[in-house]
2 protein chains.
Amino acid sequence: MARIKTDNNVSRKEVIVAKAAVLFREKGFKAASMRDLAESVGVEAASLYNHIKSKTELLHELCFGVANRFMQKMEEVEQEKIPAGEKVEKLLRFHINEMVHHYEEVYVSDREWKHLSDPYLSNFQNQRRIYRKRFAAIIETGIRAKEIEPIDAPTAVLIFLHAISGIESWHRSKQKISAEELENNMITILVDGLYPRK
Amino acid sequence: MARIKTDNNVSRKEVIVAKAAVLFREKGFKAASMRDLAESVGVEAASLYNHIKSKTELLHELCFGVANRFMQKMEEVEQEKIPAGEKVEKLLRFHINEMVHHYEEVYVSDREWKHLSDPYLSNFQNQRRIYRKRFAAIIETGIRAKEIEPIDAPTAVLIFLHAISGIESWHRSKQKISAEELENNMITILVDGLYPRK
DNA sequence: ATTTGTCGCTAACGTATGTTAGTTTGTTAT
DNA sequence: ATAACAAACTAACATACGTTAGCGACAAAT
């Protein structure tokens with residue numbers, strides 16, 4: 001009998017959720033089976049249910065974990081007293097860092113949320129919509145202050161968020177540039193298009 | 001008995017592939033069942049197999065259909081005798097148009113190719129890698145000609161391609177701006193970051 | 001040492017899935 | 001009208017999946 005080993009105040013459930021993130025990322029939620037997950041945890045499939053309620057619970061855990069972190073950062077940034085452009089940059093850097101350092105969870109939350117079931121599904125969709133609205137609002141504030149070029153803010157937000165989720169491919173790439181290089185490259189490319197030409 | 005109705009030289013197989021694109025987009029490849037597809041086509045599940053070999057064949061058809069169109073455009077653009085910046089812009093506009101007008105197929109090809117099986121899988125991955133290399137090469141030519149800012153070309157390519165795939169959300173959005181507006185907004189935001197500041 | 005509760009195991013259930021076999025219906029060509 | 005073919009149907013198969021029930025093994029507390 002092989003117990004799930006848990007170092008340092010990390011519950012067995014958390015171990016399972018972490019392994020699930022890896023698996024859901026590489027196979028997709030539907031294609032990843034509980035038996036796959038069990039094997040990667042080192043245990044029989046049925047044993048998982050001593051720690052979790054269902055497969056979907058794992059997805060909840062992942063999606064809302066990520067969503068909450070982003071929402072919290074949004075609140076933090078909104079309250080700072082700095083120009084809108086800097087707020088945008090701060091948010092972008094946060095996104096990039098999350099993608100680099102919590103790759104699996106962020107990726108899963110981004111691509112697999114469709115498979116949430118309905119009290120949670122609409123909740124999640126709402127959160128995303130709200131997040132984007134608030135992001136766009138920051139950009140629009142910058143535009144009114146003539147600090148940012150007059151572009152369509154919602155489109156800009158879409159571009160930013162999806163551009164960053166492209167780090168997925170960087171993550172798998174062989175000839176990696178460093179994480180800081182990546183971050184600065186992205187900021188250059190994304191943000192420099194924002195400011196008016198002189 | 002309800003036959004699949006086919007107007008205008010369009011084979012029944014093509015009807016099925018088209019419906020599959022819609023279904024795969026909204027549920028994901030794994031979650032979409034052949035019985036779902038059959039219902040949406042208006043026929044029993046088993047009947048589909050008079051026209052197709054397998055579920056995965058539908059995915060091949062979609063993925064390689066899209067990939068081939070992009071490869072062809074790449075060849076076309078490479079051979080034009082225009083500045084690198086304009087080549088980039090042409091490719092981006094093509095991407096945006098494909099995403100707007102062949103939404104379902106492009107989206108599926110982008111997100112569901114993981115579920116291809118192995119002779120096709122590696123083939124598809126190769127095509128993508130090659131496509132990106134050639135795209136990056138164009139940008140690098142522009143950089144050497146001091147026509148484009150010295151940025152990391154592979155990163156720029158990742159950003160561009162993923163940014164455009166974000167149109168997905170625009171497609172579903174209610175308060176749509178027009179397709180041309182969208183295209184021009186995107187080009188402004190993405191391309192303007194490329195040229196050196198004066 | 002005994003109790004108690006946590007955790008993992010085996011076995012199995014019910015359901016959904018992709019696909020095949022064999023048959024019947026409808027259409028097209030002679 | 002009839003033969004020939006295409007395309008739909010019904011029935012069923014094997015497999016894979018999420019999950020439950022019940023039991024045994026280990027660890028912690030008394």
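The chains referred to below are lettered A, B, ... by the order of the sequence lines, with proteins before strands, and numbering in each begins at 1.
- Heavy atoms from other residues, nucleotides or ligands lying under 6.0 Å from CD of B:E80 number more than 12.
- Between B:R3 atom CZ and C:dT24 atom P the separation is 17 Å, expressed in whole Å.
- Listed by first and then second residue, the side-chain hydrogen bond (donor to acceptor under 3.5 Å, both in side chains) pairs that reach into residues 61-71 of chain A are A:R69-A:E98, sequence neighbours excluded.
- Within the structure, every pair that satisfies the ring pair (Phe, Tyr, Trp, His ring centres under 6.0 Å) test and touches residues 35-62 of chain B, not counting sequence neighbours, is listed here: B:H60-B:Y120.
- Taking atom CG of A:L37 as the reference point, atom P of D:dA16 lies 18 Å away to the nearest angstrom.
- Remark: B:H51 is not in phosphate contact with D:dA6, judged by side-chain N or O atoms under 4.0 Å from OP1 or OP2.
- In this structure, the CD1 atom of B:I52 is 14 Å from the P atom of D:dA7, given to the nearest Å.
- Using a 30° and 60° split on the angle between ring planes, A:H95 and A:F135 fall in the tilted class, from 30° to 60°.
- Here the side chains of A:D110 and A:R128 are in contact, with some heavy-atom distance below 4.5 Å.
- A single hydrophobic cluster is not seen to contain both B:V22 and B:V106; linkage of ILVMFWY side chains at heavy-atom distances under 4.5 Å, directly or through other members, places them apart.
- Sorted by first and then second residue, the pairs that involve residues 20-46 of chain B and meet ring pair (Phe, Tyr, Trp, His ring centres under 6.0 Å), not counting sequence neighbours, are B:F24-B:F29, B:F29-B:H115.
- The base of D:dA6 is not paired with the side chain of B:N50 by any donor and acceptor separated by under 3.5 Å.
- One interatomic measurement links the two molecules: CZ of A:R12 to C1' of D:dC26, which rounds to 11 Å at whole-angstrom precision.
- Spacing between atom NZ of B:K13 and atom P of D:dA8 amounts to 15 Å, rounded to whole angstrom units.
- Listed pair B:S47 / D:dA7 fails the phosphate criterion, with no side-chain N or O lying under 4.0 Å from OP1 or OP2.
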How would you summarise protein contacts on nucleotides 14-19 of chain C per nucleotide, using B for base, S for sugar-phosphate only and - for none, with heavy-atom distances below 4.0 Å? ---BBB
Using the rule given for side chain to side chain donor-acceptor pair (under 3.5 Å), can you reason through A:S122 versus A:D118, listing the C-alpha separation, both sets of side-chain angles and the distance that settles it, and then say yes or no? CA-CA 6 Å; A:S122 0; A:D118 208 1; 2.8 Å; yes
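- Computed from coordinates, the B:L48 CG to C:dT20 P distance equals 13 Å when rounded to whole Å.
- For A:K27, the side chain to side chain contact (heavy atoms under 4.5 Å, CB included) partners at least two apart in sequence or on another chain are A:A31, A:A32, A:D36.
- Axis angle across the helix from C:dA1-D:dT30 to C:dT30-D:dA1, with five pairs used at each end and values rounded to 10°: 10°.
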